[in-house]
Protein chains: 2
Amino acid sequence: MPVEEIDRRIVTLLAADGRMSFTDLAKETGLSVSAVHQRVRRLEKRGVLRGYAALIDYDEIGLPLTAFISIKPIDPAAADDAPERLSHLTAIESCHSVAGEESYILKVRVASPLALEDLLNQIRAAANVSTRTTVVLSTPYDHRPPAIAP
Amino acid sequence: MPVEEIDRRIVTLLAADGRMSFTDLAKETGLSVSAVHQRVRRLEKRGVLRGYAALIDYDEIGLPLTAFISIKPIDPAAADDAPERLSHLTAIESCHSVAGEESYILKVRVASPLALEDLLNQIRAAANVSTRTTVVLSTPYDHRPPAIAP
DNA sequence: GGTGAAAAGTTTCGGCG
DNA sequence: CGCCGAAACTTTTCACC
C-alpha cells in the first residue's frame, strides 16, 4: 500500500520543517486539523515518519571534525556484524552497508584529529576491519528535503 | 563564545527529539518554561540550532535507492563551483567538500537504477566532473544524535 | 473526514534576584 | 542580564457526528 499524494505532501512538509504545526499542515493540504493529525499519527505508526530531529551546527557543540570511514573486514569470511560491534561508539552518526570495494560507510563526528585517530583504533579493534578515511573540509549543503514525487 | 552546559543539553535533547515541548525541555533542564524558550530562540538565532526535520523512510516515498557519489573535476584547474552547479538537482540530499582523491561526496536519493543513471549524466554534464558511485544496500543506523559532550 | 470544546503547549511581558 | 510566573493566545487532543 503506497503512500499517496496527500500523505506525501505531509511527509515532504515535515521533512522541510519538522516543527510545523498541525494547523499549518492543514492549511497547506486543505484538510481539517484533525484529519491531518490522524494522517500524521498513522504515518508515524507505519514508520514512514521515523522521528523528528533538530539540525545542529556541530562546530558549535565541540564536534567540528566530520569524516567518512569506509571499512572492510580483515578476514573476508568474517560474520558481518560490524554495525552491532560498532554501535556503542557514539561518534558514529550513521552506518550504511554498501556495494563495492568496501563493506560499510560510516559517518562520524569528532572533536579533533586526535579524537579521530582514537576512534579509528577503536573501530579497527571492535570490528576487526581495515579503514579508509575521508575527512570533510566543508559542507556546502546537507539534509535537503526530498522533492515532492509526482 | 562556546555553548555551555545547559545549552548543550537543550541541543542534545532536541537533536534526539526535534518536537520535544518546551515544558518537557524545562523539566529535563530544571529551568522554567520561559527560560528554556528564551534559550532555544537564542540558539536558533545564533545558528546552533539550524532547523528541524522529520526523519523519513525513503523507501515509502518512492525513493528507495540511496547512493554516495564521489566527484572529481575533469579539468583539474576548474573553478570549484560544483556545489552551485549541482544544487538544482533535488535528488542530491547533501554535498560535502572532502580531502583525498576526489573533491566532493554527494549523497543522493533516487527512485530506481535508471533514475540513478540519469542523475549521473546530469551531474557529469552540469559540473564537468567524473563520478564514482557507491550504492547503499541497507542502513543499519542513521542520524544518531550526538553524545552529550563533557 | 469533520466539529467543537477541554487540555496542553507556546509566546509575551512585568518584575525579581 | 537572565530567570521566573502568570496572562493571553494558539495548538493538540478526543469524544462524537
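Naming: A, B, ... by sequence-line order, numbering from 1 per chain. Atoms considered below: every heavy atom in the structure, side chains included; atoms not considered: hydrogens, waters and symmetry mates.
Here the side chain of L31(B) is nearest to one of dG2(C), dC4(D), dT10(C), namely dC4(D). Among dT3(C), dT12(D), dT10(C), the nucleotide with an atom closest to any side-chain atom of F22(A) is dT12(D). The side chain of A35(B) lies closest to dC3(D), out of dC3(D), dG9(C), dG2(C). Among the nucleotides dT12(D), dC4(D), dT10(C), the one closest to the side chain of S32(B) is dC4(D).
Between the side chain of Y141(A) and the main chain of I92(B), no donor-acceptor pair closer than 3.5 Å is present. With R132(A) contributing its side chain and K72(A) its backbone, the two residues share no donor-acceptor pair below 3.5 Å. No donor-acceptor pair closer than 3.5 Å links the side chain of R144(B) to the backbone N or O of C95(A).
Within the 4.0 Å cut-off from OP1 or OP2 of dT13(D), at least one side-chain nitrogen or oxygen of R41(A) is found. One finds no side-chain N or O of R19(A) lying less than 4.0 angstrom from the OP1 or OP2 phosphate oxygen of dG9(C). The side chain of H37(B) contributes an N or O atom lying less than 4.0 Å from OP1 or OP2 of dT11(C). For dC3(D), one of the phosphate oxygens OP1 or OP2 lies less than 4.0 angstrom from a side-chain nitrogen or oxygen of R39(B).
Here dT13(D) presents its P atom at 13 Å from CG of L25(A), a figure rounded to the nearest Å. As rounded to whole Å, 14 Å separates atom C1' of dT10(C) from atom CG of L14(B). The nearest whole Å value for the distance from the CZ atom in R42(A) to the P atom in dT13(D) is 16 Å. In this structure, E44(B) places its CD atom 12 Å from P of dT10(C), rounding to the nearest Å. M20(A) has its CE atom 16 Å from the C1' atom of dT12(D), to the nearest Å. Summarising the geometry, the separation between CG on D7(B) and P on dC1(D) is reported as 17 Å, rounded to the nearest angstrom. Regarding Q38(A), its CD atom lies at a distance of 20 Å from the P atom of dT11(D), rounded to whole Å.
Annotation: cation-pi pair R19(A)/F22(B) present, NZ/CZ under 6.0 Å from the ring centroid and within 45° of its normal.
Looking at E4(A) and R39(A), a side-chain N of the basic residue comes within less than 4.0 Å of a carboxylate O on the acidic one, giving a salt bridge.
Base contact: S34(B) has a heavy atom under 4.0 Å from a base atom.
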